[in-house]
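The structure appears right after this line, and notes come after that.
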Amino acid sequence: MSRSNGFEFPEFWEYPPYFTVQPVAETFHKQKELWCGLILRYCKHTRTFIIDVHDEDLALFRNKKIDRHLDRGEKRVFLDALVEDGKAIWVDKKDICLILWKSVDEWADSVYSWCKNTAESVILVDDLCGHDGEMQGSDISGLPMALVAPVIAWLEKSGRAKKFKSKTGEAGLKIF
């Protein structure tokens with residue numbers, strides 16, 4: 001099995017036909033299941049939140065050893081399947097995809113728990129998107145804005161937080 005960024009790829013990733021969308025429905029169903037699981041595991045392991053279908057260098061979709069890769073259309077097929085399952089969100093037509101290895105409500109729970117565990121009742125949105133400060137090393141450090149927006153909406157909808165703008169114009173979140 002191959003490795004990239006400490007991630008161990010499954011056996012099917014070494015099998016050239018899996019890099020071409022299969023025409024037989026039963027085979028395609030299995031292929032889609034395998035690719036969707038792989039995308040989620042890889043993104044979680046590497047903390048990859050955003051996939052750009054135009055990125056030809058992402059190790060996930062390119063196996064140099066067998067000289068195979070998924071083209072943009074094939075990537076979209078598997079990303080569409082994740083979107084249909086609620087495990088991804090297209091954020092820019094069908095070019096940029098937000099991968100949800102945890103659901104929006106699970107991310108919202110993580111943000112809420114971090115705030116409660118650290119006694120933070122106010123948090124700046126920019127802090128959620130950053131990699132430094134108090135959140136460094138936590139699972140909520142460096143969340144992309146494409147994820148922060150639905151997380152905030154979820155927290156507001158659940159009555160656990162309220163979005164605000166500071167006097168300096170920075171967006172923040174008041175935790176209840």
Side-chain angles (χ1 to χ4, degrees), residues 4-7 32-33 35-62 70 72-176:
S4 175
N5 297 324
F7 180 79
K32 182 171 68 167
E33 182 181 294
W35 270 106
C36 288
L38 173 59
I39 292 166
L40 292 172
R41 286 189 311 277
Y42 179 88
C43 289
K44 181 178 182 177
H45 180 83
T46 61
R47 286 192 55 86
T48 300
F49 291 97
I50 303 290
I51 291 180
D52 181 341
V53 298
H54 298 281
D55 183 353
E56 300 295 328
D57 296 321
L58 185 62
L60 172 62
F61 299 121
R62 177 173 296 281
L70 292 181
R72 291 177 194 146
E74 291 162 334
K75 290 175 195 174
R76 285 184 183 109
V77 166
F78 301 121
L79 293 172
D80 275 338
L82 286 171
V83 170
E84 288 172 19
D85 287 343
K87 300 286 186 187
I89 301 169
W90 287 112
V91 294
D92 180 35
K93 299 179 187 172
K94 287 203 174 184
D95 292 329
I96 308 292
C97 194
L98 171 66
I99 305 301
L100 300 171
W101 69 83
K102 284 175 38 173
S103 65
V104 171
D105 60 319
E106 289 172 322
W107 281 113
D109 287 343
S110 292
V111 169
Y112 187 78
S113 294
W114 183 87
C115 290
K116 287 300 189 181
N117 291 337
T118 59
E120 294 288 333
S121 62
V122 175
I123 187 170
L124 294 177
V125 171
D126 286 346
D127 289 342
L128 283 172
C129 298
H131 291 284
D132 54 359
E134 297 175 28
M135 287 179 218
Q136 187 174 10
S138 74
D139 70 332
I140 62 169
S141 174
L143 299 180
M145 187 53 76
L147 178 56
V148 169
V151 162
I152 290 172
W154 185 269
L155 287 168
E156 284 190 299
K157 182 179 154 189
S158 68
R160 296 188 287 173
K162 177 78 174 143
K163 189 174 174 184
F164 69 89
K165 278 228 188 259
S166 72
K167 292 177 184 175
T168 61
E170 292 179 293
L173 198 59
K174 170 75 174 153
I175 303 295
F176 305 119

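The shown structure was predicted, so the numbers you read here are calculated from the model rather than taken from an experiment.
When side chains are defined from C-beta on, Leu128 does not count as touching Val151, because their heavy atoms never get closer than 4.5 Å. Proximity of Glu170 to Lys165: side-chain heavy atoms (C-beta onward) are nowhere separated by under 4.5 Å. When side chains are defined from C-beta on, Ile50 does not count as touching Leu147, because their heavy atoms never get closer than 4.5 Å. Using a 4.5 Å heavy-atom cutoff, the side chains of Lys94 and Val53 are not in contact. A 4.5 Å side-chain heavy-atom check between Phe7 and Leu38 finds at least one atom pair inside the cut-off. Between Val148 and Val125 there is a side-chain heavy-atom pair separated by less than 4.5 Å. Contact of the Ser110 side chain with the Lys102 side chain is registered, since non-hydrogen atoms from C-beta on lie closer than 4.5 Å. Between Tyr42 and Trp101, every side-chain heavy-atom pair lies at or beyond the 4.5 Å cut-off.
Taking CG of Leu124 as the start and OG of Ser166 as the end, the distance is 6.5 Å to the nearest 0.5 Å. Expressed to the nearest 0.5 Å, how far CZ of Phe78 lies from CD1 of Ile51 amounts to 12.5 Å. One distance of note links CG of Asp85 with CG of Leu100; it measures 11.5 Å at 0.5 Å rounding. Atom SG in Cys43 sits 6.0 Å away from atom CG in Leu60 (nearest 0.5 Å). Rounded to the nearest 0.5 angstrom, Asp52 CG and Asp57 CG are separated by 11.0 Å. Between atom CG of residue Leu40 and atom CH2 of residue Trp35 there is a gap of 12.5 Å, rounded to the nearest 0.5 Å.
Under the 3.5 Å distance criterion, the side-chain polar atoms of Lys87 are left unmatched by any main-chain donor or acceptor of Ser103. No donor-acceptor pair under 3.5 Å is formed between the side chain of Arg160 and the backbone N or O of Trp154.
Considering every non-hydrogen atom in both Asp127 and Ile123, the closest pair reads CB-CG1, 4.4 Å. Residues Trp107 and Phe49 approach most closely at CZ2-CE2, 3.7 Å, considering heavy atoms. Residue Lys163 comes nearest to Ala171 through the heavy atom pair CE-CB, 4.4 Å, listed as atom of the first residue, atom of the second, then distance. The two residues Cys97 and Val83 have their closest heavy-atom pair at SG-CG2, 4.2 Å.
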**Q.** side chain to side chain contact (heavy atoms under 4.5 Å, CB included) assessment of Leu82 paired with Leu79
**A.** CA-CA 5 Å; Leu82 286 171; Leu79 293 172; 4.2 Å; yes
Q: Please report the C-alpha distance between Val122 and Phe164 in whole Å, then the side-chain angles of each, then the deciding distance to 0.1 Å, and finally whether the side chain to side chain contact (heavy atoms under 4.5 Å, CB included) criterion is met.
A: CA-CA 10 Å; Val122 175; Phe164 69 89; 3.5 Å; yes
**Q.** Ile175 and Glu120: CA distance, side-chain angles, deciding distance, side chain to side chain contact (heavy atoms under 4.5 Å, CB included) verdict
**A.** CA-CA 8 Å; Ile175 303 295; Glu120 294 288 333; over 6 Å; no
Q: Could you check Ile99 against Thr48 for side chain to side chain contact (heavy atoms under 4.5 Å, CB included), going step by step and ending with a plain yes or no?
A: CA-CA 8 Å; Ile99 305 301; Thr48 300; 5.8 Å; no
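Between the side chains of Asp80 and Trp90, a donor-acceptor pair is found at a separation under 3.5 Å.
Under the salt bridge (charged side-chain N to carboxylate O under 4.0 Å, His left out) rule, Asp95 has a single partner from Arg76, Arg72, Lys75, which is Arg76.
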